[in-house]
Amino acid sequence: MEIIKNNGILIVNMVPRFDAYSAKEVEADLNEALDNGADKILCDFSGTEYISSAGLRVLLATAKKLKKSGGSICLSALKPYVSEVFETAGFTPLFNIYGSEKEALAGME
Amino acid sequence: MTLPGTGAIIVIMNPSKTNAIRLPARLENLEKLIDVTISCLQSAGIEKETASEIHLAVDEACTNAIKYAYTDGVAGDIELSCTIARGVATITIRDWGHTFNPLELPPPDLNLDINERPIGGLGIYLMKKFTDRLEYRREDDSNILTIIKNLN
């Protein structure tokens with residue numbers, strides 16, 4: 001998973017298949033970023049075709065930690081299927097979701 | 001068929017669009033279980049949106065079985081079969097672990113804010129929302145979960 005730092009914002013390019021198997025690696029990477037002091041995280045989903053509850057779980061856990069430490073998390077470029085899973089799970093109101101990475105970066109500054 | 005935990009992989013395919021696989025219940029095998037399901041759906045020409053919903057339901061069921069069926073270091077198998085017939089997709093997932101009926105879990109409260117939302121507990125709920133019927137039975141010391149999705 002590619003992680004880039006841009007103007008104090010950590011941009012995480014999410015995995016193509018965000019299931020229980022890949023979730024372990026994503027969670028470890030995000031936890032490492034939090035331990036290193038990341039406080040603004042943008043998860044870009046433009047390359048993600050699939051998400052399961054294991055992926056949602058990692059996002060919620062990360063959002064909770066950032067909220068506690070005064071940081072923030074935003075998401076961008078959710079494909080229709082990923083969006084449907086978010087909607088069904090009641091996750092849409094819990095996150096700031098942008099149409100594209102560019103819009104998210106502008107909104108997070 | 002092989003005994004649980006032997007590590008053997010058996011793939012059975014036939015022209016009536018039933019695909020089946022049995023392999024050790026481990027997370028690194030999740031993709032193989034999903035691939036068998038997807039190739040079964042694709043060979044029946046099922047549209048992408050419906051296939052994605054079935055994919056999610058099968059993933060959640062398999063993940064649950066892999067994570068919770070076998071505990072205390074006991075290894076075992078998971079078996080999946082996918083059948084398409086008369087406009088209905090039927091996917092059966094079986095494990096030989098301890099008795100666990102996922103359909104008895106209470107539904108999550110989706111109205112809680114981020115601080116109150118518990119982490120986890122969404123898998124079974126998504127499975128229910130994305131399919132038409134779920135059935136559980138305990139048979140011959142195994143858990144059998146059947147996922148049914150109407151294709152028309």
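Neither the backbone nor the side chain of A:Lys68 comes within less than 4.5 Å of any heavy atom of chain B. With a threshold of 4.5 angstrom between heavy atoms, B:Pro108 does not approach chain A through any atom at all. In this structure, chain B has no heavy atom under 4.5 Å from any part of A:Val58. For A:Leu94, the parts lying under 4.5 angstrom from a heavy atom of chain B are both the backbone and the side chain. Looking at B:Asn111, neither its backbone nor its side chain comes within 4.5 Å of chain A, counting heavy atoms on both sides. Using a 4.5 Å cut-off between heavy atoms, B:Ile66 does not touch chain A at all. In this structure, the portions of B:Ile114 lying under 4.5 Å from any heavy atom of chain A include both its backbone and its side chain. For A:Tyr81, the part sitting under 4.5 Å from any heavy atom of chain B is the side chain, from C-beta outward, and nothing else. Both the backbone and the side chain of B:Glu28 come within contact range of chain A, each with at least one heavy atom under 4.5 Å from a heavy atom of that chain. Proximity to chain A (any heavy atom under 4.5 Å) is shown, for B:Ser52, by both the backbone and the side chain.
Using modelled atom types, no side-chain atom of A:Lys65 and backbone atom of A:Gly71 make a donor-acceptor pair closer than 3.5 Å. Between the side chain of A:Thr48 and the backbone N or O of A:Val15, at least one donor-acceptor pair lies under 3.5 Å.
Between A:Asp39 and A:Ser69 there is no side-chain heavy-atom pair separated by less than 4.5 Å.
For the atom pair B:Leu126 CG and B:Glu53 CD, the distance stands at 11.0 Å (nearest 0.5 Å).
Between B:Cys82 and B:Cys40, the shortest heavy-atom contact is SG-SG, 2.9 Å.
Comparing B:Leu110, B:Asp59, B:Leu122 by how many heavy-atom pairs each has under 4.5 Å with chain A, the most go to B:Asp59.
Taking the six-membered ring where the residue is Trp, A:Phe86 and A:Phe91 present perpendicular rings, their angle passing 60° and hence far from 30°.
With respect to B:Glu135 and B:Arg133, a salt bridge is recorded, a charged nitrogen being found less than 4.0 Å from a carboxylate O.
Both A:Ile97 and A:Leu66 are members of a single hydrophobic cluster when ILVMFWY side chains are connected at heavy-atom separations under 4.5 Å.
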